[in-house]
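The block underneath contains the structure these notes are about, expressed in structure tokens.
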Amino acid sequence: MHLDRRLLLAGLSTLLGLRTAKSEEKPPEPAPHEAIRALPRSLPGADLQVIDLWPGEPPGGGSGPDSDGFRYVEGVSGDVTRVQKPCLLAMRPANPNGAAIIVAAGGGYQFIALGNEGVPVGRVLNAAGITVFLLVYRLPAEGWGAGPDAPRQDAQRALRLVRARGAEYGVDPARVGVLGFSAGGHLMGETAVGTANDLYAPVDEADALPVRPVLAGLIYPVITMRKPFDRTATRRILVGDEVTPFEMKTYSVDLQVGPETPPTFLVQAIDDPVAVADHPLLMFTALRKARVPAELHLFERGGHGFGLGAPGTPAAAWPGLFLAWIRLHGFLNR
């Protein structure tokens with residue numbers, strides 16, 4: 001069973017401040033007063049504020065997935081699919097310090113693991129005073145004309161929009177970073193190294209703002225499309241089985257690292273069977289060659305998709321290490 005949420009048509013969720021839920025199987029037509037139903041509070045992030053990324057249709061064309069008029073579909077564990085209207089979900093701390101991080105959960109570009117790598121991570125960052133924006137990005141295989149560039153467009157727009165609305169959220173536009181997991185790590189890595197390339201035409205004044213994040217955290221990220229390290233769902237979704245030289249350069253994050261790449265923090269488990277440890281090693285090597293400040297942590301065990309890490313395991317140390325690193329770079333200073 002899946003739960004659809006956040007009405008797209010008619011803006012009813014915005015006007016009424018309500019959430020919606022419904023089964024994948026179309027139910028009988030409800031009475032008018034029953035048409036809007038609240039989401040179960042148990043869903044990850046059910047009460048978060050929604051910020052549309054685009055004022056109209058997203059760039060690149062394509063009809064997108066059939067989502068029955070809803071922004072996206074969310075499973076009971078918080079896995080998001082059928083993203084019809086990409087957005088940000090705002091998580092505001094009790095004591096904001098002016099810093100903001102845009103978080104992209106993973107899922108091999110087939111789904112977005114909001115319940116594992118989104119909301120729980122946001123809570124940890126909120127506790128440190130960081131304002132968090134969870135990125136619900138378009139999935140390349142869901143009917144978008146921009147294909148593999150659709151999520152990259154969404155990520156660029158997200159950085160600009162957070163900066164444009166900084167005063168509203170108590171965010172310093174000069175202190176906006178990114179954090180990504182698995183395929184979300186690939187997306188945030190692509191965003192960090194691709195700041196010289198605008199992937200869409202400007203749609204409003206926000207698009208005059210810079211797209212470069214101040215720093216980037218990449219947690220068990222997919223980095224390269226090169227053999228023999230390309231046995232990932234991310235590679236299959238983005239470029240298929242045969243990778244052209246252009247696609248190799250465009251979608252291998254390490255091949256695009258340059259002096260303008262922001263300071264980068266990398267985490268991986270050596271026993272990761274999905275994005276093998278060579279991914280962050282290639283990235284770390286490229287960062288060192290370009291003289292970009294970088295920190296790499298490799299844990300002996302942890303597998304893939306460990307999120308915050310199981311309590312008591314070495315991998316659970318990474319959030320504290322990340323907070324110490326961003327403090328080192330002045331990110332948490334008022």
Side-chain angles (χ1 to χ4, degrees), residues 1-6 13 17-21 38-53 70-83 85-97 99-139 151 154-155 158 161-162 169-171 176-185 187-188 217-221 267 302 304-311 315-316 318-320 322-323 326:
M1 173 169 174
H2 286 81
L3 295 173
D4 298 301
R5 69 175 176 130
R6 296 188 167 89
S13 60
L18 297 173
R19 303 292 188 260
T20 63
L39 270 179
R41 291 301 180 93
S42 59
L43 270 183
D47 294 326
L48 300 182
Q49 179 188 359
V50 181
I51 305 168
D52 287 330
L53 285 182
F70 291 80
R71 296 175 185 274
Y72 53 83
V73 174
E74 182 177 3
V76 293
S77 64
D79 287 347
V80 167
T81 57
R82 290 163 58 189
V83 179
K85 192 166 186 178
C87 58
L88 290 167
L89 306 180
M91 298 183 69
R92 307 180 75 160
N95 299 297
N97 59 22
I101 290 183
I102 299 170
V103 177
Y109 287 117
Q110 299 174 93
F111 62 93
I112 304 170
L114 202 68
N116 181 44
E117 299 159 351
V119 174
V121 172
R123 289 179 181 140
V124 171
L125 298 176
N126 277 172
I130 300 169
T131 302
V132 175
F133 298 89
L134 306 181
L135 178 58
V136 179
Y137 51 90
R138 286 172 290 163
L139 299 170
D154 292 342
L161 200 58
V162 167
Y169 291 91
V171 168
V176 180
V178 297
L179 180 63
F181 298 77
S182 191
L187 175 58
M188 294 291 91
L218 309 180
I219 315 302
Y220 42 88
V267 169
H304 189 77
F306 51 76
L308 290 174
W318 81 259
F322 178 67
L323 290 173
I326 63 177

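Starting from 1, each residue takes its place in the sequence as its number. Both backbone and side-chain heavy atoms feed into the values below; hydrogens, waters and symmetry mates do not.
Listed here is the closest heavy atom pair of Gly307 and Trp318: O-NE1, 2.8 Å. Summarising the geometry of Leu187 relative to Ala104, their closest heavy-atom pair is CD2-CB, 4.4 Å, with the distance given to 0.1 Å. Minimum interatomic distance between Pro319 and Ala316 (heavy atoms only, all atoms of both residues): CD-O, 3.2 Å. Across all non-hydrogen atoms, the minimal contact from Cys87 to Asp52 is CB-CA, 4.2 Å. Closest approach of Val136 and Val80 over heavy atoms only: CG1-CG1, 4.1 Å. Of all the heavy atoms in Met91 and Leu134, the pair that sits closest is SD-CD1, 3.9 Å.
Two residues are said to be in side-chain contact when any heavy atoms from C-beta on lie closer than 4.5 Å; Ile112 and Leu139 meet this criterion. Residues Phe306 and Val267 form a side-chain contact, since some pair of their non-hydrogen atoms from C-beta on lies under 4.5 Å apart. Between Leu323 and Leu125 the shortest side-chain heavy-atom distance falls below 4.5 Å.
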Expected list for residues 113-122: side-chain donor-acceptor pairs under 3.5 angstrom, two or more places apart:
unit_1: Asn116; atom_1: ND2; unit_2: Gly305; atom_2: O; d: 3.1
unit_1: Glu117; atom_1: OE1; unit_2: Gly106; atom_2: N; d: 2.8
unit_1: Glu117; atom_1: OE2; unit_2: Tyr220; atom_2: OH; d: 2.6

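Checked against side-chain contact (heavy atoms from CB on, under 4.5 Å), Ala90 has the following partners two or more places apart in sequence or in another chain: Gln49, Ile51, Phe133, Tyr169. Partners of Phe322 according to the ring pair (Phe, Tyr, Trp, His ring centres under 6.0 Å) rule, which considers only residues two or more places apart in sequence or in another chain, are Phe265.
One distance of note links CD1 of Ile101 with CD1 of Ile130; it measures 4.0 Å at 0.5 Å rounding.
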Exercise. Could you walk me through whether Met188 and Leu179 pass the side-chain contact (heavy atoms from CB on, under 4.5 Å) test, one step at a time?
Key: CA-CA 7 Å; Met188 294 291 91; Leu179 180 63; over 6 Å; no

Quiz item: What's the verdict on side-chain contact (heavy atoms from CB on, under 4.5 Å) for Leu88 and Leu135, showing C-alpha distance, side-chain angles and the deciding distance?
Solution: CA-CA 5 Å; Leu88 290 167; Leu135 178 58; 3.9 Å; yes

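Within the structure, the salt bridge (Lys or Arg N to Asp or Glu O under 4.0 Å) test picks out the following pairs touching residues 125-138 (sequence neighbours left out): Arg138-Asp154. Residue pairs meeting the side chain to side chain donor-acceptor pair (under 3.5 Å) criterion with at least one member in residues 127-137: none, sequence neighbours excluded.
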